[in-house]
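Attaching a single structure in C-alpha cells format; questions to follow.
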Amino acid sequence: METLNANIEKLPRRFLPDNFTVTTWEALQPYFEELKQRPLNTLPELEQWLKDVSELEAVVSEDACWRQIRMTCDTTDKQLEEAFTYFCMEIQPKLQPYADALNRKLLDTDLSKQLGDNYETYLRSVRKQVKLFREQNVPLLAELSVMAQQYGVISGKMTIEVNGQEYTLQQAAKFLENSDRALREEVFRKTNERRLQDKETMDKLYSSLVEKRDQVAKNAGFANYRDYKFEDLGRFDYTKEDCFQFHTAIKEHILPIVESIQKRQAKKLNLEVLKPWDADAEAAGTKPLEPFQTGTELINKAIACFDELGPFFGNCLRVMQQMGRLDLESRKGKAPGGYNCPLAETGVPFIFMNAAGQMKDLTTMVHEGGHAVHSFLSHHLPLSAFKEYPMEIAEVASMSMELFTMDHWDIFFTDKEELRRAKVQQLERAIIIFPWIATIDKFQHWVYEHPQHTVAERTAAWVNILNEFATSMVDWSGLENYRAITWQRQLHLFEVPFYYIEYGIAQLGAIAMWKQYKENKQQALDNYVKALSLGGTRTLPELYKAAGIRFDFSPAYVKELADFVQKELDAITIS
C-alpha cells in the first residue's frame, strides 16, 4: 500500500486544446458534434473515441463542479449563483441530447461487444441512460438542478444569537452538548424557531420539487418518481422491497440498542426521560469534547491520523491541503452540510464542511477524507465513467474510515478518558443513525407514491413514520410544531432525492469492514484499497466481495453486525 502515489497529475488532453475552458454552449458544441459524426470502423478507433468522450466529460464535469463548489462556499455572492444557474439552464440542457446520441452510437456499434470485462458495468449504465432519456425532460431537469440549490441559499442565511453573539445553526449546535440544561433548551428552541420562520418557504420549495420530479417520471413512462429514480440511480442490485426489509430490520434489531443507549444517556444526566435537547449533552462537570479549535488544526490532525493508517492515506489529504481543496469552517452565508466533490480532470477532490469544533466535525472530516481517498484510488482508471462508482460503495469508503481511524484518535484526544468518550460517541452514532436513515427513506417512498399530497398530509405522514422508528425515551410533548418540520433539516430530500438508504447499506458494510479490521488490520486495509481502486468497473456485490465483506442487508445480517457493535460498545463503556 505504501507504494501508492497520492500526487496526482492533471490528465493530459488529447482531444481538447490545453487552454480550453467551458464558457458557452457554442464553444463546446463542435467537440460534441465531432464525436457524434466520427466513423467507428475498428476496435482501436472505438477505444480512442471512448477516451475522447471521457476527456470531454471530465472537462465539463469539473467545470460544473467548481461552479457548485464556489456557490456553496458563498451563497451570498449573486455572480457565483448566476454562473451555476447559467450552466444548468444554458449548457447542461443542450449537451444532454448529445450525450444521449453518443450513448446510442456506442450501443449501436457491434464493436462494443468486443470491449473487455471492465466495460460491462459501464455499458449496463449506458443502456439505462438511453432507456430513461426523454427530450421533454431536459428543461425540467435543468429547472430541478437550479431549484434544488435554493435549499442551501435559504439555509445558509439561518443564524441565531446566543449570549449576545451570532452563530450559524451548525455553529450553535455545539451548545447542545453543554452541561447547562437551560442553555441547551434555549439554543434548541431558538434554532427551531429560526427554522419555523422559513417553514412555508421550504414547504413550497419541496412541493414544487416533488411536482416536477413526478412529471419527469411520468414523461419517462414510470408510475412514480420512486420507480424512475431507482433506475436513474443504477440500483441494479436491490429493489424497493429490499428497502422495506431494511426498515423492518431496523425496527426489530436496532431500535432496542438505541433505547439502551438513550437509557444510559438519561442515567448519565440523572433524568427519567430525555428531552430532545438532552440527546447529545454531557453531565454536569463534564466538558463537551473539543477535538480541535480551528479548521487548520482539524486538517493537520486528520493528516497525522491518516498517516498512522498508512502514508498513502495521509498524503491524499496533504495534497488537497497544498492545492487549496478544503473549506472546513462554518460561517454565515455558507451552505449547510458537508461533501467531498471528485474533480474528474485534475483528480484531486474538494472537501466542504461546516466545522465548529465539535466531535461530530471530527467524524465528518474523516468521513469526507474516506471519500477523498476513494477519488484518489480510482483516478487511474482510463475512462471518467469507470470512476463513477455506486454510492453504496462510496459510503463504505467514508464510513469505514470513521471506524478505522478510531485507533489513532489519541492525536485529537491526549486525555485517555476523553479518547474513551470519543470512541463511545462514535459507536453510539454508528447505531443511532440507522433509525433516522430508515425514517428518511420510508418518508421518501411515501412522498413520491403520493405526489399530489397536501402539506398537511405530508406533515402527518412524516410524524407517523417518525413514531415508527422512535423509542419512548425522548419526550417531545409541547414541541410538536418543531418535530413536524424535522425533515426540513435533511438536505438530501431537497438536493439528492432517494440518496439516503445508501448510508444504511454502507454503514452495515463499514461495520463489517471494521470487524475485519479488528481481526486483521493489514488485510482489511489492503482489501479496502483493492475494492476502491476498482471504481465503478464491477457490480456492487463484486465490489463488496473485493473488500472482503457481503452485500447483504437482511434482518439476520443486520442483527449479526448490530450485536458485534453492541459487544464492542459494552467493552469500551465498561473499561
Side-chain angles (χ1 to χ4, degrees), residues 1-16 18 20 22 47-48 50-66 68-69 115-119 121-122 125 234 299 302-303 306-307 309-326 339-352 366-398 400-401 525-538 540 542-543 546-547:
M1 187 171 62
E2 280 71 13
T3 59
L4 291 167
N5 183 10
N7 295 306
I8 286 176
E9 292 184 6
K10 181 179 176 181
L11 291 174
R13 289 185 183 178
R14 175 198 173 278
F15 181 53
L16 289 164
D18 284 337
F20 179 85
V22 178
E47 289 172 336
Q48 187 56 56
L50 283 168
K51 288 176 184 173
D52 292 345
V53 169
S54 177
E55 181 184 312
L56 183 57
E57 286 174 346
V59 170
V60 172
S61 166
E62 181 145 339
D63 177 85
C65 285
W66 275 117
Q68 185 167 10
I69 289 167
L115 294 167
D117 290 344
N118 275 2
Y119 288 82
T121 53
Y122 167 49
S125 178
I299 185 59
I303 289 170
F306 275 41
D307 276 338
L309 278 181
F312 168 76
F313 299 122
N315 282 336
C316 290
L317 296 184
R318 199 171 280 110
V319 169
M320 294 173 73
Q321 184 184 40
Q322 290 163 357
M323 292 182 66
R325 299 286 170 94
L326 304 161
Y339 60 75
N340 172 82
C341 183
L343 293 162
E345 187 181 24
T346 52
V348 177
F350 189 100
I351 289 180
F352 169 101
V366 295
H367 177 101
E368 301 305 342
H371 280 312
V373 166
H374 202 172
S375 298
F376 278 91
L377 284 170
S378 61
H379 186 67
H380 72 283
L381 295 165
L383 299 185
S384 294
F386 289 176
K387 304 166 197 175
E388 293 175 6
Y389 32 77
M391 289 303 148
E392 295 83 357
I393 191 70
E395 296 301 341
V396 170
S398 55
S400 296
M401 194 59 84
L525 291 174
D526 288 345
N527 285 344
Y528 178 82
V529 168
K530 176 184 171 186
L532 304 193
S533 299
L534 292 169
T537 62
R538 298 291 185 274
L540 266 176
E542 289 169 337
L543 290 170

- Verify side chain to side chain contact (heavy atoms under 4.5 Å, CB included) between Leu343 and Arg325, making sure each step is shown before the conclusion. CA-CA 10 Å; Leu343 293 162; Arg325 299 286 170 94; 3.4 Å; yes
- Could you tell me whether the side chain of Tyr389 reaches within less than 4.5 Å of the side chain of Thr537, counting heavy atoms only? no
- May I ask you to decide if the ring planes of Tyr122 and Tyr119 are parallel, tilted or perpendicular, using 30° and 60° as cut-offs? tilted
- Roughly how far, to the nearest 0.5 Å, is NE2 of His374 from NZ of Lys387? 12.5 Å
- Task: Without swapping roles, check the side chain of Ser533 against the backbone of Val529 for a donor-acceptor pair under 3.5 Å.
- Result: yes
- Flag, side chain of Glu55 to backbone of Arg13, donor-acceptor distance under 3.5 Å: no
- Item | Pairwise distance CG(Leu534) to OG(Ser378) - rounded to 0.5 angstrom | 10.0 Å
- For residues Phe352 and Asn340, determine if any side-chain heavy atom of one lies less than 4.5 Å from a side-chain heavy atom of the other. no
- Message: Is there a side-chain contact between Glu47 and Leu115 in this structure, where contact means two heavy atoms from C-beta onward sitting under 4.5 Å apart?
- Response: yes
- Task: Return the orientation label for the Phe313 and Tyr528 ring planes: parallel under 30°, perpendicular over 60°, tilted otherwise.
- Result: perpendicular
- Without swapping roles, check the side chain of Ser384 against the backbone of Glu57 for a donor-acceptor pair under 3.5 Å. no
- Is Pro349 close to Cys341 at the side-chain level, that is, under 4.5 Å between some pair of heavy atoms? no
- Message: Any non-hydrogen side-chain atom of Phe350 less than 4.5 Å from a side-chain atom of Trp66?
- Response: yes
- Note on the structure: In this structure, OG1 of Thr121 is separated from CZ of Arg538 (nearest 0.5 Å) by 7.5 Å
- Backbone N/O of Ala394 and side chain of His371: donor-acceptor pair under 3.5 Å: yes
- Message: With rounding to the nearest 0.5 angstrom, report the CE to CG distance, Met320 to Leu326.
- Response: 5.0 Å
- Whether Glu392 side chain and Leu540 backbone form a donor-acceptor pair below 3.5 Å: no
- Query: Would a 4.5 Å heavy-atom cut-off, applied to side chains only, mark His379 and Val348 as touching?
  - Reply: no
- Query: Is there a donor in the side chain of Glu368 and an acceptor in the side chain of Ser398, or the other way round, less than 3.5 Å apart?
  - Reply: no
- Can you measure from CD1 (Ile351) to CD (Gln321) and round to the nearest 0.5 angstrom? 11.0 Å
- Approximate separation, where rounding is to 0.5 Å, of Leu381 CG and Asn118 CG: 8.0 Å
- Item | Which atom of Ala531 lies closest to which atom of Leu543, heavy atoms considered | CB-O, 3.6 Å
